[in-house]
A.B. asks: 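Below is one structure. I have some questions about it.
Indexing begins at 1, ligand by ligand and atom by atom, following the structure's order. Note that the structure is predicted; figures quoted are calculated from it, not measured.
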Amino acid sequence: MSVASRRTLDDPGVFEEFLTLVGEGDEYGAVEVVDELLDGGVPPQRIMIDLIGGTQARVGELWAANRWSVAREHAATAISERALAAVAARTNVRPSRGRVTIACVDGEWHALPTRILAEMLRLDGWRVDFLGANVPGPHLVTHLHQTGPDVVALSCMIATRLPRAHAAITACRAAGVPVIAGGPGFGPGGRYAQRLGADAWAAGAEEAVYRLARNWPPHGQDPQLPAYLADEEYTYVVRNRPELIGTAMRQLTGAYPAMRDYNQRQLDATAEDMAHIVDFLAAALYVSETAVFTDFVAWTGSVLQARGVPPVALRVGLGTVQSQLRDFPAATAMLTAGVRLING
Ligand code: B12
């Protein structure tokens, strides 16, 4: 090994260099940096969490600020996955603890954070079954019956997946396997995880490693499982999702004249935004938390603004959904709170 290859994460510019490499889709360059850091004695955990995970968060910011296209973000994510695989290929720890199943909930495509979690747990001696993105609940349960793990680690990165997360948590616990939940979809401090019946929550892979090594299964109270599914407003919004979005799109064209000049791509993006409005509203109703909806509105407002869409468009968009839900007090209150957040 040459002296020049003794790199550490304290080297000036190493994070920027890695971000540039993933942004340019330079797979070989990115893997080379990872290899050099491992050669330099940097622990693999630090490379995965600080360099790869940290860079992905930056990628997200650059996309949200409209500085990177979706395609560039996708390409960068693929390189990060490649770099992560390169770290994993250089480590080999024999299982000495229990067995863990790691899965993203149904409809959840953010697999990279769970891949990091998988490698971190593997390094700590767990036998890991990594099921990846978008795992339907029934398949997850079949897998549990076949493999008998000590714990399921369930990821939810976006709050719209919370109802599915609830179903998965309930099914895992019914199968006798405790659940550790994670991902920002479970809300600040994981508050919805507990409410939906998870045995534990961890903010990140390092905390999960710590918790599973020391206090598992946790001996707390049995989590309370309120009957969210019985909520009439949630059920109405989910059942009528296509009509709510379709009607909103038609009303929008009248209420927001600039839309008449939209090309197909802009119309598709608007339809996607309307779908997100309805989906986040449904999730907020499901857990009875206005913040799930208002956080989404604040975030969408900034994303749209970065793309030259004025706040009034979002306000009109919320109004088109609100006008269809007048008989639903909780939904109306949430939409009103969302509208209040929008300036201009
Ligand atoms: C890459 C990416 C994607 C990729 C995912 C590819 C892949 N293979 O993972 C693709 C393109 C598929 C994608 C799609 C979407 N994405 Co996206 N995505 C991202 C991005 C840029 C990076 C995610 C990532 O890898 N982060 C790095 C990891 C390391 O971050 P981390 O959260 O710190 O990870 C730790 C914890 O979350 C925790 N953890 C996670 N799961 C678990 C589970 C357990 C059990 C435990 C204990 C811990 C744990 O441990 C991790 C490691 O320490 C983020 C931006 C960001 N800042 O994260 C947006 C982001 C998550 N996406 C977002 C959105 C909106 C979407 C889409 C809806 C976009 C769209 N218009 O279609 C879709 C939704 C798809 C779906 N239904 O899942 C938003 C969510 C915003 C919100 N309001 O909630 C974000 C935050 C972007 C942003 N800044 O605006 N996305």
A.B. asks: Please could you name the atoms of ligand 1 that G204 approaches to less than 4.0 Å, counting only its heavy atoms?
C.D. replies: 38 (C), 50 (O), 53 (O)

A.B. asks: Within the supplied structure, the quantity of interest is the number of heavy atoms (other residues, nucleotides, ligands) at a distance under 6.0 Å from R307 CZ; does it exceed 12?
C.D. replies: yes

A.B. asks: Relative to atom 35 (C) of ligand 1, which among G185, A200, S302, P113 owns the nearest non-hydrogen atom?
C.D. replies: P113

A.B. asks: With only distance considered, is E81 within less than 3.5 Å of ligand 1 through an N or O on each side?
C.D. replies: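 Indeed, backbone or side chain, E81 has an N or O that close.
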
A.B. asks: Does E81 use its side chain to pair, donor to acceptor, with the backbone of L112 at less than 3.5 Å?
C.D. replies: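 It does not hold such a pair.
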
A.B. asks: What are the atoms of ligand 1, with element, lying closer than 4.0 Å to any heavy atom of A153?
C.D. replies: 45 (C)

A.B. asks: How far is atom 4 (C) of ligand 1 from the closest protein heavy atom, and which atom is that?
C.D. replies: E73 OE2, 3.8 Å

A.B. asks: So for ligand 1, is F296 a polar contact partner (N or O within less than 3.5 Å, distance only)?
C.D. replies: no

A.B. asks: Among the heavy atoms of W299, does any lie under 4.0 Å from an atom of ligand 1?
C.D. replies: yes

A.B. asks: Any side-chain hydrogen bond (donor to acceptor under 3.5 Å, both in side chains) pairs touching residues 127-138, not counting sequence neighbours?
C.D. replies: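 Sorted pair list: R99-D129.
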
A.B. asks: Tally of protein N/O/S atoms under 2.8 Å from atom 17 (Co) of ligand 1?
C.D. replies: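 For atom 17 (Co) of ligand 1, protein nitrogen, oxygen or sulfur atoms under 2.8 Å: 1.
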
A.B. asks: Heavy-atom distances under 4.0 Å decide this one: backbone, side chain, both or neither, for T300 against ligand 1?
C.D. replies: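 No part of T300 is near ligand 1 at this cut-off.
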
A.B. asks: Any non-hydrogen atom of A203 lying under 4.0 Å from ligand 1?
C.D. replies: yes

A.B. asks: List the closest protein heavy-atom neighbour of atom 57 (N) of ligand 1: residue, atom name, distance to the nearest 0.1 Å.
C.D. replies: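 Answer, as residue, atom name and distance: A57 CA, 3.6 Å.
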
A.B. asks: My understanding is that only residues two or more places apart in sequence, or in another chain, count here; which of them pass salt bridge (charged side-chain N to carboxylate O under 4.0 Å, His left out) with R164?
C.D. replies: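 Partners of R164 under the salt bridge (charged side-chain N to carboxylate O under 4.0 Å, His left out) test: D106.
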
A.B. asks: Please report which non-hydrogen protein atom sits nearest to atom 71 (N) of ligand 1, along with the residue it belongs to and the distance in Å to one decimal place.
C.D. replies: E272 OE2, 3.0 Å

A.B. asks: Does H276 have a heavy atom less than 4.0 Å from any atom of ligand 1?
C.D. replies: yes

A.B. asks: Record the part of C156 in heavy-atom contact with ligand 1 below 4.0 Å; permitted values are side chain, backbone, both and neither.
C.D. replies: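 Near ligand 1, C156 shows nothing, with every heavy atom at 4.0 Å or more.
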
A.B. asks: Before signing off on this row, confirm whether A205 and ligand 1 have an N or O atom pair separated by under 3.5 Å.
C.D. replies: yes

A.B. asks: Which residue and non-hydrogen atom of the protein lie closest to atom 41 (N) of ligand 1, and at what distance in Å?
C.D. replies: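 Sorting protein heavy atoms by distance from atom 41 (N) of ligand 1 puts S155 OG, 2.7 Å first.
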
A.B. asks: Given A64, A76, A65, G183, which has its nearest heavy atom closest to atom 40 (C) of ligand 1?
C.D. replies: G183

A.B. asks: Could you name each residue pair satisfying salt bridge (charged side-chain N to carboxylate O under 4.0 Å, His left out) that touches residues 258-281, not counting sequence neighbours?
C.D. replies: R241-D279

A.B. asks: Quick one: which of G182, A133, A208 has a heavy atom closest to atom 44 (C) of ligand 1?
C.D. replies: G182

A.B. asks: Against ligand 1, does R115 come closer than 4.0 Å with any heavy atom?
C.D. replies: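 Contact absent.
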
A.B. asks: Nearest to atom 27 (C) of ligand 1, what protein heavy atom do you find, and at what distance?
C.D. replies: Q56 CB, 3.4 Å

A.B. asks: Could you check atom 11 (C) of ligand 1 against the protein and tell me its nearest heavy-atom contact, residue, atom and distance included?
C.D. replies: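 The closest heavy atom on the protein side is H74 CE1, 3.1 Å.
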
A.B. asks: Does the protein put a heavy atom less than 4.0 Å from atom 52 (C) of ligand 1?
C.D. replies: yes

A.B. asks: Is the shortest distance from atom 64 (C) of ligand 1 to a protein heavy atom below 4.0 Å?
C.D. replies: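 Protein heavy atoms within 4.0 Å of atom 64 (C) of ligand 1 - there is at least one.
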
A.B. asks: Among all protein heavy atoms, pick out the one at the shortest distance from atom 77 (N) of ligand 1; state its residue, atom name and that distance to 0.1 Å.
C.D. replies: G107 O, 2.8 Å

A.B. asks: Mark yes or no for whether T332, through its side chain, and L325, through its backbone, hold a donor-acceptor pair below 3.5 Å.
C.D. replies: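 Yes.
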
A.B. asks: So is there a nitrogen or oxygen of T114 less than 3.5 Å from a nitrogen or oxygen in ligand 1?
C.D. replies: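 No, T114 has no N/O under 3.5 Å of an N/O on ligand 1.
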
A.B. asks: Hey, which atoms in ligand 1 end up nearer than 4.0 Å to a heavy atom of I180?
C.D. replies: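 So the atoms of ligand 1 that pass are 45 (C).
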
A.B. asks: Which part of L112 is near ligand 1, with near meaning a heavy atom under 4.0 Å away: side chain, backbone, both or neither?
C.D. replies: both

A.B. asks: Between F296 and F280, how do the two ring planes meet: parallel, tilted or perpendicular, split at 30° and 60°?
C.D. replies: parallel

A.B. asks: Are any of the N/O atoms on E61, whether in the backbone or the side chain, positioned under 3.5 angstrom from an N/O atom of ligand 1?
C.D. replies: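 No - when backbone and side-chain N and O of E61 are compared with those of ligand 1, no distance drops under 3.5 Å.
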
